[in-house]
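Reckoned from all heavy atoms, side chains included, excluding hydrogens, waters and symmetry mates. Here, residue 1 is the first one in the sequence, and each next residue gets the next number. Because the structure is predicted, anything quoted here is derived from the model rather than measured.
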Amino acid sequence: MSDDQTITIDGKTYKLADLSEQARAQLANIRFCDERMQQLRNELAVSDTARMGYSRALKRELEKAKA
């Protein structure tokens with residue numbers, strides 16, 4: 001970590017080098033959670049797309065059954 005890296009929290013800028021070990025650990029926890037939430041949003045988007053495809057396929061099969 002370089003001495004000039006900063007983070008802004010609630011409008012206040014902090015140098016990462018000045019943060020306590022515990023503060024840096026909490027920051028790492030927040031970053032992990034943010035990354036995990038993005039991963040889950042991506043998985044939801046993939047699942048939603050697949051569900052729409054399955055729904056279209058079901059409708060086609062139901063239309064065949066009517067004929």
Side-chain angles (χ1 to χ4, degrees):
M1 160 178 20
S2 71
D3 288 340
D4 60 340
Q5 288 183 311
T6 61
I7 185 163
T8 303
I9 300 171
D10 295 333
K12 187 170 179 184
T13 301
Y14 301 89
K15 285 186 177 183
L16 291 179
D18 293 343
L19 297 179
S20 68
E21 187 174 323
Q22 185 62 24
R24 286 192 303 271
Q26 294 306 326
L27 183 57
N29 290 337
I30 291 169
R31 286 179 175 159
F32 172 81
C33 290
D34 287 346
E35 290 169 7
R36 181 67 177 128
M37 290 187 317
Q38 183 59 51
Q39 180 183 10
L40 290 169
R41 283 190 288 272
N42 293 343
E43 289 178 22
L44 179 59
V46 168
S47 296
D48 192 44
T49 300
R51 187 182 190 286
M52 287 187 292
Y54 297 144
S55 180
R56 285 191 299 269
L58 174 59
K59 287 177 185 177
R60 284 192 301 270
E61 289 303 312
L62 294 174
E63 288 299 317
K64 287 181 190 177
K66 280 186 188 178

Main chain of R51, side chain of S55: is a donor-acceptor contact present, judged purely on distance under 3.5 Å? no

How would you list, by chain and number, every residue that makes a side-chain hydrogen bond (donor to acceptor under 3.5 Å, both in side chains) with T49, sequence neighbours excluded? none

Hey, is the main chain of G11 close enough, under 3.5 Å, to the side chain of T8 for a donor-acceptor pair? no

Among D4, T6, I7, find the one that has a side chain to side chain contact (heavy atoms under 4.5 Å, CB included) with K15. T6

Inter-residue atom distance R41.CZ - Q39.CD, 0.5 Å rounding: 11.0 Å

Members other than L58 in its cluster, when Ile, Leu, Val, Met, Phe, Trp, Tyr link by side-chain heavy atoms under 4.5 Å? L62

Which pairs with one or both residues in residues 54-63 pass salt bridge (charged side-chain N to carboxylate O under 4.0 Å, His left out), sequence neighbours excluded? E61-K64, E63-K66

Could you see if I9 belongs to whatever hydrophobic cluster contains L19? Use Ile, Leu, Val, Met, Phe, Trp, Tyr and a side-chain cutoff under 4.5 Å. yes

Any side-chain donor-acceptor pair under 3.5 Å between Q38 and D34? no

Neighbour count above 12 (heavy atom, 6.0 Å) for E21 CD: no

